[in-house]
A.B. asks: 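First the structure, then my questions, so here it is.
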Amino acid sequence: MRVVHTKQQLRKALKELRSAGGSVGLVPTMGYLHEGHISLIRRARQENDVVVVSVFVNPAQFGPNEDLNAYPRDTQGDLKLMQGEKTDLAFLPRAEELYPDGYATYVELNGRMTQVLCGVSRPGHFRGVATVVTKLFNIVSPDRAYFGQKDAQQVSVIKKMVRDLDFNITIVACPTVREADGLAMSSRNSYLTAAQRAQAPVIARALFEARDRITAGERCSASLVDLIKERITTIDNATLDYVSIIDADDMSDIETIIGPTLIAVAVKLGRTRLIDNIRIEV
Ligand code: PAF
């Protein structure tokens, strides 16, 4: 595995790796890798000749009062995991490499998709994500890029951006990887105290319960939203950000569940913001 820190090094290394022909898969990450990231790297490894993993805690997607400085980092651990998954190229740029002095260009999606769910409580977040992902796409020119379905809104935003900006890249959304007790894996789980960690699986269990109710015939979104809210109020010191039941494709609100549906939740446990979702095909 080659480890590179600059765009120039990356392009040079990729040119060599590409000279034999074949496809390139990109797994963009913010590091502190866990089984969720590993599943993306494995899928990329299965489907491509060359696998590039980027690790970059992107300042542009954090709000002024968010956890940019506290975000967990473990470069050595990440490199070891990437190597174990036969990554070809690890790209670890510094902030100045992607956002040099005077940097001024951002990618912003208009419309509902970035104005609902996380877009409400994290204004500017998706602008930061779309900008850095565009830059990575331009630098790496992958054939495929891999993202976790845990960030369902991010996946929808990136797919839309790829269509709108005519990127010739296939976006592969991979299933959420969960701890044995259901909690969706996230680098931010490391912020949880032991007591919060013990209660966090209530979020996933509430989603599973809602799914089971739909399977049993429930079609009313409002009842399911109430059920999830009720379950989440049982967590000590939890602040609900949102529970939304939306059309999984265009993210519009749904009153009656009739098609592909996304149930998405964001909850703050103390200072830690957790998100989770479940997709249901009715
Ligand atoms: O999902 C993430 O880790 C980040 O939002 C991403 C896609 C790597 C962009 O910084």
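Just follow the structure's listing: the first ligand is 1, and inside any ligand the first atom is 1. Residue indices begin at 1 and follow the sequence shown.
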A.B. asks: Extract all donor-acceptor atom pairs below 3.5 Å that involve side chains of residues 262-282 and protein atoms in other chains or at least two apart in sequence.
C.D. replies:
residue: R273; atom: NE; partner: D241; partner atom: OD2; Å: 3.2
residue: R273; atom: NH2; partner: S121; partner atom: OG; Å: 3.1
residue: R273; atom: NH2; partner: D241; partner atom: OD2; Å: 2.9
residue: D276; atom: OD1; partner: R178; partner atom: NH2; Å: 3.0
residue: D276; atom: OD2; partner: R178; partner atom: NH1; Å: 2.8
residue: N277; atom: ND2; partner: Q149; partner atom: O; Å: 3.0
residue: N277; atom: ND2; partner: K150; partner atom: O; Å: 2.8
residue: R279; atom: NE; partner: E281; partner atom: OE2; Å: 2.7
residue: R279; atom: NH2; partner: E281; partner atom: OE2; Å: 3.3

A.B. asks: When you check the side-chain N and O atoms of R197 and N189, is any donor under 3.5 Å from an acceptor?
C.D. replies: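 Side chains of R197 and N189: no pair found under 3.5 Å.
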A.B. asks: Considering only heavy atoms from C-beta outward, does the side chain of T114 approach that of V157 to under 4.5 Å?
C.D. replies: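 T114 reaches V157 side chain to side chain.
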A.B. asks: Residues in side-chain hydrogen bond (donor to acceptor under 3.5 Å, both in side chains) with Q154, at least two apart?
C.D. replies: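 Applying side-chain hydrogen bond (donor to acceptor under 3.5 Å, both in side chains) to Q154 gives none.
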A.B. asks: Would you list the pairs meeting ring-ring contact (aromatic ring centres under 6.0 Å, His included) in which at least one residue belongs to residues 197-232, sequence neighbours left out?
C.D. replies: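 Non-adjacent pairs meeting ring-ring contact (aromatic ring centres under 6.0 Å, His included): zero.
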A.B. asks: Against L240, only a single residue in I232, T233, I228 fulfils side chain to side chain contact (heavy atoms under 4.5 Å, CB included); can you say which?
C.D. replies: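 So the option named by the test is I232.
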A.B. asks: Filter the ligand 1-protein atom pairs down to N or O on both sides and distance under 3.5 Å, then list them.
C.D. replies:
residue: ligand 1; atom: 1 (O); partner: Q154; partner atom: NE2; Å: 2.8
residue: ligand 1; atom: 5 (O); partner: Q61; partner atom: NE2; Å: 3.0
residue: ligand 1; atom: 5 (O); partner: Q154; partner atom: OE1; Å: 2.7
residue: ligand 1; atom: 10 (O); partner: Q61; partner atom: OE1; Å: 2.6

